[in-house]
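Have a look at the structure below, then the notes.
Keep in mind that this is a model prediction, so the values were computed, not measured.
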Amino acid sequence: MLLLVLLLACLCSLFFYCQALSNGLGRKRWAFAGLCFGPLVWPMFCMKKRMKVNQLFGFDYLMFRA
């Protein structure tokens with residue numbers, strides 16, 4: 001059971017590192033948060049990503065993603 005928890009923590013850390021890298025956020029910060037809290041960090045990560053986009057482009061900017 002402990003091995004499963006450690007594996008999940010490492011996978012979440014790697015996932016958040018890659019996502020932070022692709023979105024221009026702090027890589028080490030999000031990797032450490034993923035290591036400590038696992039998938040519970042996902043809502044906070046999405047909110048931070050949205051705040052970053054709003055800061056860069058403003059609230060009236062429309063983005064279409066494929």
Side-chain angles (χ1 to χ4, degrees):
M1 185 67 181
L2 183 62
L3 182 63
L4 184 64
V5 171
L6 289 174
L7 181 66
L8 180 66
C10 289
L11 286 175
C12 285
S13 177
L14 180 66
F15 174 75
F16 283 113
Y17 180 86
C18 293
Q19 287 295 313
L21 182 66
S22 67
N23 290 306
L25 299 172
R27 298 179 309 266
K28 292 179 190 175
R29 178 182 303 140
W30 288 106
F32 184 71
L35 185 66
C36 291
F37 300 111
L40 297 175
V41 180
W42 182 249
M44 189 168 54
F45 181 80
C46 290
M47 182 58 73
K48 186 66 174 178
K49 187 170 63 170
R50 186 179 310 143
M51 286 172 51
K52 177 89 170 183
V53 169
N54 287 341
Q55 179 186 14
L56 290 173
F57 300 110
F59 289 102
D60 297 330
Y61 186 73
L62 181 62
M63 289 178 44
F64 288 113
R65 293 200 176 183

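Grouping Ile, Leu, Val, Met, Phe, Trp and Tyr residues whose side-chain heavy atoms lie under 4.5 Å apart, directly or via other members, places M47 in a hydrophobic cluster with M51. M1 belongs to no multi-residue hydrophobic cluster, having no ILVMFWY side-chain contact under 4.5 Å with any other such residue. Within the hydrophobic cluster formed by Ile, Leu, Val, Met, Phe, Trp and Tyr side chains joined at under 4.5 Å, directly or through other members, L8 stands alone, with no partner residue. Membership of the apolar cluster around L11 extends to L7, as traced through chained side-chain contacts below 4.5 Å between ILVMFWY residues.
Interatomic distance, CH2 of W30 versus CE of M44, reported as 4.5 Å (0.5 Å rounding). Between the CG atom of L35 and the SG atom of C12 there is a distance of 9.0 Å, given to the nearest 0.5 Å. The distance from atom CZ of F37 to atom CZ of F32, rounded to the nearest 0.5 Å, is 8.0 Å. Atoms NZ and CG, on K48 and L25 in that order, are 7.5 Å from each other to the nearest 0.5 Å.
Listed by chain and number, the residues in a side-chain contact (heavy atoms from CB on, under 4.5 Å) with L14 are C18 (sequence neighbours excluded). Checked against ring pair (Phe, Tyr, Trp, His ring centres under 6.0 Å), F15 has the following partners two or more places apart in sequence or in another chain: W42.
No option in R29, K28, R27 other than R27 meets the side chain to side chain contact (heavy atoms under 4.5 Å, CB included) test with Y17.
Side-chain atoms of S13 do not come within 3.5 Å of backbone N or O of G34 as any donor-acceptor pair.
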